[in-house]
There are 2 protein chains.
Amino acid sequence: MGPSAPLSVRQNLAALCGSCAGSFRGLCHGLEEQDQHVLSDASSLIRLPARGAVFREGDRANAVFTLVDGAAKLLRTLPDGRQQIIGFRFPGDLIGYTARDRYPCDAELVCNATVCRIDRGKLEAMSRGCSGISHRLLELCAEDLATAQEQLAAMAQRSSEGRVAAFLLMLRDAARRNGASGTELALPMTRADIGDYLGLTIESVSRVFAGFRRAGLLQEPMRGTVRLLDMPEIESLASGGSAH
Amino acid sequence: MGPSAPLSVRQNLAALCGSCAGSFRGLCHGLEEQDQHVLSDASSLIRLPARGAVFREGDRANAVFTLVDGAAKLLRTLPDGRQQIIGFRFPGDLIGYTARDRYPCDAELVCNATVCRIDRGKLEAMSRGCSGISHRLLELCAEDLATAQEQLAAMAQRSSEGRVAAFLLMLRDAARRNGASGTELALPMTRADIGDYLGLTIESVSRVFAGFRRAGLLQEPMRGTVRLLDMPEIESLASGGSAH
DNA sequence: CGGGCATTTGAGAGTACTCAACCGATGTGG
DNA sequence: CCACATCGGTTGAGTACTCTCAAATGCCCG
C-alpha cells in the first residue's frame, strides 16, 4: 500500500556499514566483514508507513527482512476474524525467515519504519557457500523458538498483571539491545495490539496500566512512551504473579 | 535414574532401518539412504522408564534424541516451583536439538519409552559435510517454531473447552502421523500434565473431560485411552470457542 | 487390607470479560 | 473556524468463567 522507496546500493551499503549495530546486527552478528558486504549487495532499504504490511500470510517467501528502525508485529488472523499477535519485532531483528515457501503469518508495522529487504534466493545461495550464515540462521531460529516457548510459559500461568509486567520487561530488553536506557521506553503499539498479544481485552490492558500508574510502577509522560519506575516490583509481578 | 541400556550398533541399525517410519523419521525424512546409515552409526537406542528424564534443563547438550516409542513432555520449572509444559513429543519427533550448548528445558517421559541417542558432535560434523542434514535441522526447528506459535495462539484466546479440544486434535494429529486411526488415541499423560500444558488446573481439565463425555464428544474406555466420537464438534470447539 | 496417587465432584471466591458510557486528540467537511 | 465523526483510551457495573479449597471415589501396588 504505502510508498516504498528502494534506495541505491551505494546508500544502502553505507547505511549498513555505518549502523550495523542498529540495523543488520541480527543477521550479521559474528560474520566476517566480507560476508557482510556480500549480504549488503543482495539487500535494499525500504521505508514503510505505520500499519503497512511487510508481507502477508501466504505470500511467497521471496525475501527476508531486518528491521532497521521502528517496530513491527507478527500476527495470524484467526478463522473468526480476531487476530493473534505472535510477537513484536524491533530494530536489529530478522523477520520473515522460514524454511517453507510461504510466510506463515502477517508482518505489519506499528509505526513508520525502515526495513532492509534481502533476496531469499541470494541469501540461500550465499548460505551454501558460507557456513557462517547458515549457522547464524539456525541460531536465530532457535532463538525465536526459545522466545516463543518463554512467551508460552508466560501466557499460560500468569495473571493479567503478570502478563503486562512480562510484556514491559520484554520491551525493556529489546530497547536495551538497541542501546537505550531501559527505563524510558517507546510504546508504539496500541492497547489492542498488547491485548491481542497477551490474550487480554483492551479494557483489561487499560485497567492494568492504570493500576500500575496508581501504584507508582510507571508513568506515561506522553502518548507512546512509558517510564518504568519500580523495576524490582515489575520483575516480581512478572515472575511471581500467578493466575491461580 | 532409571536403567539405561545402550544396545549394540548392529541391533540399532536394524531397528532404524527396519522402522524408519516410526522412529527416525523426524530426522531422516528426505535424506539419502547412505546419510541415514551414517546417522545410524552415530546413534544408540536407549530404553527409559516412565518419569525418567531424557535430559534436564542446563545439562550440556551433547546429544540429540529421537523418540522411537512412547511419549515425552518438554517442560521448564518456574521460579515458584510450578512447571510449564512446553509441549509433548511423540514417536518420530526430534528432541533436544538446540543451537546453544545447554538444553533450554527438561525432557521427561510420560510412560516407558525408547529413545535414540545421537551424538551431537558427530551430527554437526556430519551436517557440515551433508547439506541435507543441516537443511533438515533448520526445517525441523522452523516446524517447532510454527507449532509453538500455533500453541500460543491457542492458549491466549481460547476457553478451557477450546484448549482441551485443541489438545485432543494435536494428539490426534500426532497419532495419525504414526499411522494410527485418529479416533482411538493413547492418552498417557495425567490431568496434571495436560493442565500444566494448557494453563488450566487439574480440576478444570477434569471438568472439561467430564463435560465432553456427558455431551457424547468422547469416551474413555480405559485409563490412558480416549475415543473421539464427535470430531466436527471438537474441531468447532477448538477453532471457534472463544474465551472472551 | 491399607496407603498413596490420580481423578472426580461440589461450593464459594476472585479474576477477567461484556456491555456501555465517556474523554481527549485528531482529522474532515461545511 | 467550528461542528462532527473517528479512533484510542479510560472507567464503571454486572456477568461468566476458572480458580481455590475441600471431600469423596476409584485404582494400583505392596
Side-chain angles (χ1 to χ4, degrees), chain A residues 49-51 73 80 82-83 85 110-112 154-167 186-215 218-226 237 240-244, chain B residues 49-51 73 80-83 85 110-112 154-165 167 186-215 218-226 237 240-244:
Chain A
R51 287 156 196 283
K73 57 183 179 184
D80 61 356
R82 288 171 308 168
Q83 62 179 33
I85 291 187
V110 298
C111 55
N112 296 330
M155 303 276 318
Q157 312 226 354
R158 281 203 264 242
S159 67
S160 58
E161 292 192 346
R163 294 186 202 191
V164 174
F167 166 75
L187 189 76
M189 55 287 286
T190 66
R191 305 293 193 217
D193 288 336
I194 300 172
D196 285 339
Y197 177 63
L198 298 176
L200 299 171
T201 58
I202 299 175
E203 296 94 324
S204 291
V205 174
S206 180
R207 273 186 253 269
V208 172
F209 269 89
F212 282 6
R213 280 196 302 269
R214 270 194 299 275
L218 56 78
Q219 294 173 341
E220 293 185 275
M222 23 173 263
R223 189 98 150 194
T225 306
V226 278
L237 281 169
S242 162
H244 300 179
Chain B
R51 286 157 198 283
K73 58 183 180 185
D80 61 357
R82 287 170 309 168
Q83 62 179 30
I85 291 187
V110 298
C111 56
N112 295 332
M155 303 278 316
Q157 314 227 353
R158 282 203 264 242
S159 67
S160 58
E161 292 192 347
R163 295 186 203 192
V164 173
F167 165 75
L187 190 75
M189 56 288 286
T190 66
R191 305 291 193 219
D193 287 337
I194 301 172
D196 286 338
Y197 177 64
L198 298 176
L200 300 171
T201 58
I202 299 174
E203 296 93 325
S204 290
V205 175
S206 179
R207 273 186 253 269
V208 172
F209 269 89
F212 282 5
R213 280 195 303 267
R214 269 195 300 276
L218 56 80
Q219 293 173 342
E220 293 185 274
M222 25 173 259
R223 193 130 175 140
T225 305
V226 278
L237 280 169
S242 163
H244 299 181

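Atoms considered below: every heavy atom in the structure, side chains included; atoms not considered: hydrogens, waters and symmetry mates. The sequence lines fix the lettering, A, B, ..., with proteins before strands; numbering per chain opens at 1.
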Next on the checklist: Testing the basics here: between B/Tyr197 and B/Ile85, what is the closest heavy-atom pair and its distance to 0.1 Å?
Outcome noted: CD1-O, 3.5 Å
Checklist entry - What integer distance in Å separates A/Asp196:CG from D/dG9:P? => result 12 Å
Checklist outcome for this item: Picking from C/dC17, D/dT10, C/dA6, the nucleotide nearest the side-chain atoms of A/Glu220 would be D/dT10
Checklist entry - Under a 4.0 Å heavy-atom cut-off, which of residues 203-210 of chain A touch DNA chain D? => result A/Glu203, A/Ser206, A/Arg207, A/Ala210
Item to check | Between C/dT8 (C1') and B/Ile202 (CD1): distance, integer Å | outcome: 11 Å
Checklist outcome for this item: In B/S/- notation (B base, S sugar-phosphate only, - none; protein heavy atoms under 4.0 Å), nucleotides 24-30 of chain D written 5' to 3' is -------
Checklist outcome for this item: Rounded to whole Å, CG of B/Asp193 lies from C1' of C/dT7 at a distance of 13 Å
Item to check | B/Ala210: side chain to side chain contact (heavy atoms under 4.5 Å, CB included) partners, not counting sequence neighbours | outcome: B/Arg213, B/Arg214
Checklist entry - Between A/Gln157 and B/Asp196, which heavy-atom pair has the shortest distance, and what is it? => result NE2-O, 3.6 Å
Item to check | Spacing of A/Arg51 atom CZ relative to D/dT6 atom C1', expressed in whole Å | outcome: 12 Å
Checklist entry - Okay, side chain of A/Asn112, backbone of A/Ala50: is any donor-acceptor separation there less than 3.5 Å? => result yes
Checklist entry - For B/Arg163 and D/dT18, what is the distance between atoms CZ and P respectively, to the nearest whole Å? => result 8 Å
Checklist entry - Expressed in angstrom and rounded to an integer, what is the separation of B/Leu198 atom CG from D/dT18 atom P? => result 12 Å
Item to check | Distance in angstrom units between A/Met222 CE and D/dG8 C1', rounded | outcome: 16 Å
Item to check | Any donor-acceptor pair under 3.5 Å from A/Arg163 side chain to A/Leu198 backbone | outcome: yes
Checklist entry - In Å, rounded to the nearest 0.5 Å, how long is the span from CZ of A/Phe167 to CG of A/Asp193? => result 8.5 Å
Checklist entry - Given the rule in the side-chain contact (heavy atoms from CB on, under 4.5 Å) test, do B/Arg207 and B/Val205 qualify, once you have shown the distances and angles that lead to the verdict? => result CA-CA 5 Å; B/Arg207 273 186 253 269; B/Val205 175; over 6 Å; no
Checklist entry - Can you list the steps and then say if B/Val164 with B/Leu200 is a side-chain contact (heavy atoms from CB on, under 4.5 Å)? => result CA-CA 9 Å; B/Val164 173; B/Leu200 300 171; 4.2 Å; yes
Checklist entry - Do the side-chain N or O atoms of A/Arg191 get closer than 4.0 angstrom to the phosphate oxygens (OP1, OP2) of D/dC7? => result no
Next on the checklist: Before you tell me yes or no, could you show the steps for B/Phe212 and B/Glu220 under side-chain contact (heavy atoms from CB on, under 4.5 Å), namely the whole-Å CA-CA distance, both residues' side-chain angles and the distance that decides it to 0.1 Å?
Outcome noted: CA-CA 10 Å; B/Phe212 282 5; B/Glu220 293 185 274; over 6 Å; no
Next on the checklist: In this structure, how many angstroms lie between the P atom of C/dT8 and the CD1 atom of B/Ile194, rounded?
Outcome noted: 9 Å
Next on the checklist: Looking at A/Ser160, I'd like to know whether one of its side-chain N or O atoms comes within less than 4.0 Å of OP1 or OP2 on C/dA16.
Outcome noted: yes
